[in-house]
Novice: 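Below are the structure tokens for one structure; questions will follow.
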Amino acid sequence: MADAAAKTDPTEAMIASLSKPEATWAAPAREDALARLRTMGLPQRRDEYWKYTRPDTLTQTVAPEAKLLAAEEVPMFDGAERLQIVFVDGVYDEEASDDLSLEGVTIERLAAADSDLHWAKNLYGVLEARGQTPVARPLAALNTAFATDGVLIHVTGKPSKPINMIYHRKSEGSDAILHHCIKLDAGAEVTVLENGAAAARFNKVMEVEVADGASFHHIRTQGRDHERRAATHIFARLGTNSAFRSFTMTVNGVLTRNDCVIELTGDDAIANVAGACVGDGDFHHDDTVFITHDAVNCQSRQVFKKVLRNGATGVFQGKILVKEGAQKTDGYQISQSLLLDGDSQFLAKPELEIYADDVACSHGSTSGAIDEDALFYLRSRGVPHAEATDMLTLSFLAEAVEEIDDEGLREEMTERLGAWLQRRRD
Amino acid sequence: MLSIKNLQVKLEDEDKQILKGVDLEVEAGKVHAIMGPNGSGKSTLSYVLSGKDGYEVTDGSAELEGEDLLDMEPEERAAAGLFLAFQYPVEIPGVGNMTFLRTAVNAQRKARGEEEMSAAEFLKVVRARAKELKIDADMLKRPVNMGFSGGEKKRNEILQMAMLEPKMCILDETDSGLDVDAMKLVAEGVNALRSEGRGFLVITHYQRLLDHIKPDVVHIMANGRIVKTGGPELALEVENNGYADILAEVV
């Protein structure tokens, strides 16, 4: 019966193609996720939130191959004091990783956490399940059901250095599913860095519980292998007076879909989500953000900037939902694209849904070309056309990069974006 | 230095002739002023010389030290030694003023086959020049012209001029939007750059700027042509009697 269904139904075919992880404390959560996935089915083009991004290559059973990028460059965050956790094609690499002990935090591998009373039992698949309504996110349910690796990070204090997940890719056909759970106790603070191309096809979920007064910083770059594909989800829940800040830089990648689902459940919390991306050719980049305000006096910001050329496509679907009683909400959303030629396109769907009467929410979305007056101004000072265009491109991205609190990381991002532009010029 | 002969220019998009045969010679070491009523073509002349898009040269020539300006890209004109101080300097968010200045200085040096300025050397020079123009450290760090007052923007133009050390400087309505104190400061900055090897073309509506930047030659422009040329006294004539008398006399 199951085999017959697998032949005709893509969801069943996908389920049949994946091997069930070993039964541990996470088994019930995985069973629930599998049931959710079966009910929802894998994403299809006709789904409301997949209109602009074709899900086919993310839902076919075999990952399309992706050539490895032969580039010699200094890896991201190199030289920064950090705790490194390395994955190769989605598998934890103990040898390349640092010792996981660090004051103020406990870090375990998902695959190795075998206690039946594990804290992650209350988080693994929990925020993902909450994030399935009102919009279904089947790839995240698939992840919860089948992820075999990832890390469980319990932040009890203020660790002295950031935790850096590094995703190497060494295979042209790797299909990786990783699931991380991060729990911040009241008043705790942590910075999580992520970088690397990860896999030919990468499905990643990160669930983040930010308790009262805690602060979570997240900076990631998604490797610039041109043919790689990624579907990532962040699910976060914020307590009173807590803060969540996430910035993503994406350069290249034939397909990237980043979902970010945040619930502000405690008063006076802050959520900032930002992204800067640059791509050309068949580059397709989709940011889908859903922020729910369910408490008083919370702030949220969404700042997304995309630079597109040679036929590249950028997508932004951003929603602010203000529930009844979430008074004094301050919601801000901006998504902008810089189209460097007439072939590229930006598809934006900003949404506001407000059920409280004392709120301030604003949103804006624009597409534009390089400002000719500014370009002439720079050229009249002797800056050549191509270099002047790059300066104005960086200037366009600056508003998103400014969302990074840490000055050093902010400068590194600007340098990387500049280097990408420079490479395109050479 | 700057040699303009029978320059005729029309707007690219419309069949509208703006300059109808401008002849002008600016010698090294001299300050020439162009005065004229609104719509006479003064700003168009400055844009055409610096290479802005949207204009079509239908006849005539413009040379800088014998080099054909009209054949060059804007950045090539800059590297050749031409500088335009904008009437409305452009705001550029996200690009630090200092970064912008250094990129410009080094791009020009590179184009001329000269050695680029080191970060340390640049910093030393820019600080000294900025101090003379009463530009504080904060203005140097801020994004280009962002949140600058009218006076600060114009001082920033003069700072760029001082750093780029051009041969031929064109100032387009540099006095517009300035109060007397700000104008004095800008004029002092310009005067400090006057030298034997450098020519100036000062475009202005009013005589008052010329009280502070003393011109050697004054031209009156009207209807796309230079209609009268004289000494500094011509500017005073305009101040006292307006353009009407002069134009009536010419026609």
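Bear in mind that the values here come from a model prediction, so they are computed numbers and not experimental data. Here is how names work: the chains are called A, B, and so on, in the same order as the sequence lines, proteins then strands, and each is numbered from 1.
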Novice: Counting only heavy atoms from other residues, nucleotides and ligands, does the tally under 6.0 Å from CG of B:Asp15 exceed 12?
Specialist: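 Open: at most 12 neighbouring heavy atoms sit under 6.0 Å from CG of B:Asp15.
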
Novice: Once you round to the nearest 0.5 Å, how far does CD of B:Glu75 lie from CG of A:Leu378?
Specialist: 10.5 Å

Novice: What residues of residues 379-391 of chain A sit under 4.5 Å from chain B when you count only heavy atoms?
Specialist: A:Arg379, A:Ser380, A:Arg381, A:Gly382, A:Val383, A:Pro384, A:His385, A:Glu387, A:Met391

Novice: Around atom CZ of B:Arg112, are there more than 12 heavy atoms from other residues, nucleotides or ligands closer than 6.0 Å?
Specialist: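 Buried by this count: over 12 neighbours within 6.0 Å.
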
Novice: Flag yes if more than 12 heavy atoms outside A:Glu407 fall under 6.0 Å of its CD atom; otherwise flag no.
Specialist: no

Novice: Tell me every residue that passes ring pair (Phe, Tyr, Trp, His ring centres under 6.0 Å) with B:Phe148, counting only those two or more places apart in sequence or in another chain.
Specialist: none

Novice: Which answer fits B:Val105, side chain, backbone, both or neither, if we ask what part of it has an atom under 4.5 Å from a heavy atom of chain A?
Specialist: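 Answer is neither: B:Val105 stays 4.5 Å or more from chain A.
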
Novice: Taking the side chain as everything from C-beta on, heavy atoms only, tell me whether A:Tyr377 gets closer than 4.5 Å to B:Phe100.
Specialist: yes

Novice: Heavy-atom pairs under 4.5 Å with chain A - which of B:Glu91, B:Gln160, B:Glu76 has more of them than the others?
Specialist: B:Gln160

Novice: I need the residue from B:Ser50, B:Ala79, B:Pro143, B:Ala80 with the largest number of non-hydrogen atom pairs under 4.5 Å to chain A.
Specialist: B:Ser50

Novice: Can you establish whether the number of heavy atoms outside A:Asp78 located under 6.0 Å from its atom CG is more than 12?
Specialist: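 More than 12 heavy atoms, drawn from other residues, nucleotides or ligands, come within 6.0 Å of this atom.
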
Novice: Would you please classify the geometry between the A:Phe376 ring and the B:Phe86 ring as parallel, tilted or perpendicular, with 30° and 60° separating the classes?
Specialist: tilted

Novice: Does NZ in A:Lys349 sit with more than 12 non-hydrogen atoms of other residues, nucleotides or ligands closer than 6.0 Å?
Specialist: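 Counting neighbours around NZ of A:Lys349, more than 12 heavy atoms of other residues, nucleotides or ligands fall under 6.0 Å, so yes.
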
Novice: Which atoms of B:Pro166 are under 4.5 Å from chain A, going by heavy atoms: the side chain, the backbone, both sets, or neither?
Specialist: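 Contact with chain A involves no heavy atom of B:Pro166 at all.
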
Novice: Looking at side-chain heavy atoms only, is the closest gap between B:Ile92 and A:Leu392 below 4.5 Å?
Specialist: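 Result yes, sub-4.5 Å side-chain heavy-atom pair found.
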
Novice: Does CZ belonging to B:Phe122 count more than 12 external heavy atoms closer than 6.0 Å?
Specialist: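 Yes, CZ of B:Phe122 has more than 12 neighbouring heavy atoms, counting only those of other groups under 6.0 Å.
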
